[in-house]
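All figures in this text were calculated on a predicted structure; none of them were measured in a lab. We count ligands from 1, going down the list as the structure has it; atoms in each ligand are counted the same way.
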Amino acid sequence: MANYLDAKEQYLSLGVDTEKAMSILENIPVSIHCWQGDDVNGFDNLDGLSGGIQTTGNYIGRARNPKELMQDMEKALSLVPGKKKINVHACYAIFEDGEWVDRDKLEPKHFKAWVDFAKKYGAGLDFNPTFFSHPMAKSGLTLSSPDENVRKFWIEHGKACVKISEYFARETGIPCVMNIWTGDGLKDVPADRLSPRQRYADSIDQILADCDKTLCKPCVESKVFGIGVESYTVGSGEWSLTYAATRNCLPLMDNGHYHPTEMVSDKISSLLCFFPEIALHVTRPVRWDSDHVVIFDDETKEIAKEIVRNNALDRVYIALDYFDASINRIAAWATGARNMQKALLNALLTPNEVLKDLQEKGEYTKLLVMQEEFKTLPFGAVWEEYLKRQKVLGINWIEEVEKYEKEVLVNRV
Ligand code: RNT
Ligand code: ZN
């Protein structure tokens with residue numbers, strides 16, 4: 001407490017109100033992805049993950065069914081402060097009594113358990129059609145496929161997902177962000193880059209034709225390349241931005257989906273000039289779209305700063321998207337989500353107005369010096385205080401996960 005009071009004073013002397021920062025932070029929703037808990041397997045198929053993305057590792061205790069996944073997610077959520085949304089993929093449909101339907105026939109009732117789960121936390125739900133890990137995705141093309149049967153199947157899946165997203169919003173009273181990502185692309189040099197992109201646009205137009213955008217906020221997520229589709233991605237950066245801009249849809253940027261020298265933190269403000277709302281997948285790419293666990297690194301901090309200092313907290317939907325199968329999955333979930341919260345707190349505790357003013361005045365020497373000095377302000381003391389107020393464990397929280405691993409996870413063999 002003494003530490004916090006000292007920190008509070010030090011920040012106040014720079015014009016930063018730590019109390020206000022904490023009260024803003026606890027209301028910023030961060031969407032927590034269900035797919036960290038089972039290596040993106042889902043419950044509607046037995047074949048595992050395929051289609052341009054990949055998990056690596058085989059740590060013990062992967063959740064094998066809805067009960068285990070929700071139990072694990074609950075454990076992870078108990079270790080994360082702040083407001084959450086729950087992000088569900090269509091392949092996490094829950095079938096009762098031996099029922100099974102294919103993705104084009106999914107209904108809201110197959111996600112009722114997720115609604116109940118979210119309601120326990122007073123949380124909203126986000127949703128994602130699943131255009132991978134499926135026999136109809138084997139060719140590598142789904143919504144852009146030249147095979148009309150395949151394309152039709154996936155359009156029907158997308159439409160079913162719009163209905164489910166609207167149901168989520170009605171049930172929770174919070175709009176549902178529905179993200180469209182496909183791995184559509186080609187391994188080798190294309191002979192026709194245009195036709196798949198035209199079909200892709202037509203398919204998503206059909207999916208969104210009856211979408212109630214007050215309930216369901218549709219996004220398109222771009223990508224630079226995927227595993228097995230290295231030469232051509234249908235939903236490229238330009239395709240996705242232009243589609244979103246011309247269709248009243250949100251562009252979604254995943255910071256693993258660009259050339260390694262490109263930074264999403266630098267792209268946010270460009271989009272904010274033109275889009276009322278945008279969406280993010282926060283991840284950690286290591287040399288490629290590896291989806292490592294989010295850490296408290298420079299880019300995560302910079303992304304948070306761009307949202308906070310541009311007053312865009314109500315215009316940017318923040319979701320996490322990573323999956324590491326090589327470490328304890330609950331710890332992966334919790335530490336990534338805590339780090340997103342840390343980055344947001346760090347941004348809220350930065351004397352942004354002072355720094356902006358130095359930039360506008362052209363005082364670049366002082367700007368550099370102050371930015372560097374601010375890096376060592378007593379951020380940790382405010383973070384610890386925030387955790388205490390949120391009734392979430394501090395530095396030793398890993399012990400809680402170790403206990404859970406010994407008591408629960410080791411039995412999953
Ligand atoms: C893949 C995209 C996509 C997925 C999830 C599971 O590269 O990032 O968002 O990670 O839909
Ligand atoms: Zn993503």
Return yes if a side-chain donor-acceptor contact under 3.5 Å exists between Asp102 and His134, otherwise no.
yes

Compute whether any side-chain donor of one residue and acceptor of the other, for Asn87 and Tyr92, lie under 3.5 angstrom apart.
no

Assess His257: does it contribute an N, O or S atom lying under 2.8 Å from the Zn ion (ligand 2)?
no

Run the numbers on Glu399 and Lys403 for salt bridge (Lys or Arg N to Asp or Glu O under 4.0 Å), then give the verdict.
CA-CA 6 Å; Glu399 288 165 15; Lys403 193 164 144 248; over 6 Å; no

Taking the six-membered ring for Trp and the full ring for Phe, Tyr or His, determine whether the centres of Tyr167 and Phe111 are under 6.0 Å apart.
no

Can you tell me which N/O/S atom of His281 has the shortest distance to the Zn ion (ligand 2)?
ND1

Distance check below 2.8 Å: does Asp321 bring an N, O or S atom to the Zn ion (ligand 2)?
yes

Would you check ligand 1 and list the protein residues that come within less than 4.0 Å of it by any heavy atom, ordered by chain and number?
Trp35, Ile53, His89, Trp181, Glu221, Lys223, Asp254, His257, His281, Asp289, Asp321, Phe323

Heteroatom of Asp254 nearest to the Zn ion (ligand 2) (N, O or S, atom name):
OD2

Taking atom types as modelled, is there a side-chain donor on Thr283 or Asp291 under 3.5 Å from an acceptor on the other?
yes

What pairs of residues pass the salt bridge (Lys or Arg N to Asp or Glu O under 4.0 Å) test when at least one of them lies in residues 108-123, not counting sequence neighbours?
Glu74-Lys120, Glu99-Lys109, Lys112-Asp116, Lys119-Glu171

Distance-minimising heavy-atom pair for Ala123 and Thr172:
O-CG2, 3.8 Å

Mutual orientation of the aromatic rings belonging to Phe43 and Trp114 [parallel < 30°, tilted 30-60°, perpendicular > 60°]
parallel

min-distance N/O/S atom, Glu221 vs the Zn ion (ligand 2), resolves to OE2

